[in-house]
Each structure stands twice: as structure tokens, then as C-alpha cells.
Number of protein chains: 2
Amino acid sequence: MDACCSPVCCEPLSEADALEMATRLKALADPTRLRLFSLVASQEQQCACDLTEPLHVSQPTVSHHLKVLTDAGLLNREQRGKWAYFSVSAEALEDLARFLDPAELVSQA
Amino acid sequence: MDACCSPVCCEPLSEADALEMATRLKALADPTRLRLFSLVASQEQQCACDLTEPLHVSQPTVSHHLKVLTDAGLLNREQRGKWAYFSVSAEALEDLARFLDPAELVSQA
DNA sequence: TAGTCGTATCGACAGATGTCTATATAAAGG
DNA sequence: CCTTTATATAGACATCTGTCGATACGACTA
């Protein structure tokens, strides 16, 4: 998972770059998944076993969302015995924030 | 459109905040829409009439995507005669980038 | 006032997506 | 081994979404 491309404001995205960045954004663009991500981000790491209850969704649903976030590179997964621990990929998050940086934007609000 | 909430890394999001931020992220989480956004962002402003051809989708589809982006607060719309001009809301984009800022993240990749 | 041009809306439709229950897998512990 | 526990997968289903063609709306123009 690397930075992919220049910020969205600098130049028109190619179809390939747009597809890649949209996929990463889509991983965060769901309320339940975003809450899940923020739960993990709020701790050093999180055991999946502690994530089902606060979200009020079923265990398979949490597992599904964790997979989506992990596949997108936004979460790191580590197996320890029968437990799965997740942590945020600071690098991936930084890439996203940099991609959305309006620094080089010419127009104004 | 204001900043909504503290960065995703600081503390668990409420359901309401997660819904709001997910909605904004969702507006950018589509390849065609992201390309459209980057096309607008690359110029001071863009006439809708110039946005259909480079995207290879129909005019109603472009109009639909422009509405989604505008409703999300990411684009500003201005009518001039029979033309519609769009520009990026630097403020909204900045809010998003700040929301995703990993600065206060405790864990590491 | 007709006609043309730019844009938005409508209605339809296929495909994607979030959720669930049921079940499989895998690791520990008796 | 057999059971328990944590997590993942499978399959189903309702809803959402991106796209289109057809058409309506609004503003300029001849």
C-alpha cells in the first residue's frame, strides 16, 4: 500500500488511480465501519472480541467489516492464539489524508 | 458544513457523527465521482458542459454525481445564464483531511 | 413566440452492499 | 478426543446505488 498518486486537487485523476483511491475511501464510507475503525484507532490495539458489543451488530457483520478494512490496508491484523488483534495502519491513513489535502487547491470555498 | 467532530483516531465516534462523516466520505468513494471531483479541483472553476466528455458517461449521470458532491458540501454550484459552474469547497475538503489526520494516533503500522 | 441549448429530473434496471442466521474452522482446555 | 470459545465463511435477502434513455425545465436567441 503506497501513496498511489498526487493529491486530488493537483490534476485530473486517471481511471486507475480513481478506482484505487475510491476503494480505500469506500472502506471508510460506511457508518458502522467508520465507528469500528475509530474504536480500533482509539486503542493501541483491539481484540475483535471486544468490538461486537459496542456496535450493536452481529459477530459475522463485525468480522466482515474488519476484513474490508484490512483488505483496504487501513487495519493490520495479528493472530494470537484464538484471538485476532487489529491496529490502525498509520501509513495508510496518512496517505488518505495527504490525498485529500487541499493545500494546492487554486479555487476557494 | 462544519468540522463535525474530532479526528477519527482520537476517540470512538458516536453513531450520529459516524453517519455524517460516512456520508461525506461516501460522496468521494466512487471512481467516477472522484474523477469528476478532481476535474473540478484542477481548475478555478468548471462548467458542467465540459465535464461529460472526459468521463465517458452520460450527461444525466454527470448531473447526478455533481448533485451528490454538492449536497455533501464538497462542491459549490453557481448558475450563470444557462450554464452551471462548480468549484471545490476548500473548507469541506480540509475538514475531511483533518478528520483523517493520524497525528494523534497511538498505535503504529 | 419558437426554437435551441444546457442542465436537471424521472423511471427503470442491473449489480453492489450491509445485514442476518447457520455453519465451518481453528485453537485451547478438560 | 470432545467441548468450548473466537473468528471466518456461506448463503440469503432487502436495500442502496450507478447508470441509462426519455423528458421536463429554464434561459438565451433568431
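Residue numbers start from 1 in every chain, and the chains themselves are labelled A, B, ... in the order their sequence lines are given, proteins ahead of strands.
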Length of the [atom1]-[atom2] vector between [X] and [N], whole Å:
{"X": "A:Asp71", "N": "D:dA8", "atom1": "CG", "atom2": "C1'", "value": "12 Å"}
{"X": "B:Leu19", "N": "D:dC16", "atom1": "CG", "atom2": "P", "value": "13 Å"}
{"X": "B:Gln59", "N": "D:dA24", "atom1": "CD", "atom2": "C1'", "value": "12 Å"}
{"X": "A:Arg33", "N": "C:dA16", "atom1": "CZ", "atom2": "C1'", "value": "12 Å"}
{"X": "A:His64", "N": "D:dA6", "atom1": "NE2", "atom2": "P", "value": "22 Å"}
{"X": "A:Gln79", "N": "C:dA27", "atom1": "CD", "atom2": "P", "value": "7 Å"}
{"X": "A:Lys82", "N": "C:dA26", "atom1": "NZ", "atom2": "P", "value": "15 Å"}

State whether [X] places a side-chain N or O below 4.0 Å from either non-bridging phosphate oxygen (OP1 or OP2) of [N].
{"X": "A:Ser63", "N": "D:dT7", "result": "no"}
{"X": "A:Thr61", "N": "C:dT19", "result": "no"}
{"X": "A:Thr32", "N": "C:dG18", "result": "no"}
{"X": "B:His65", "N": "D:dT19", "result": "yes"}

Look at the side chain of [X] and decide which nucleotide, out of [options], has an atom nearest to it.
{"X": "B:Arg77", "options": "D:dC20, D:dA8, C:dT7", "result": "C:dT7"}
{"X": "B:Lys26", "options": "D:dT17, D:dA8, C:dT17", "result": "D:dT17"}
{"X": "B:Asp30", "options": "D:dA8, C:dT7, D:dT19", "result": "D:dT19"}

### Task
Looking at every strand, decide which applies to A:Val57 at a 4.0 Å heavy-atom threshold: base, sugar-phosphate, or nothing.
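Sugar-phosphate, backbone atoms only, no base.
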
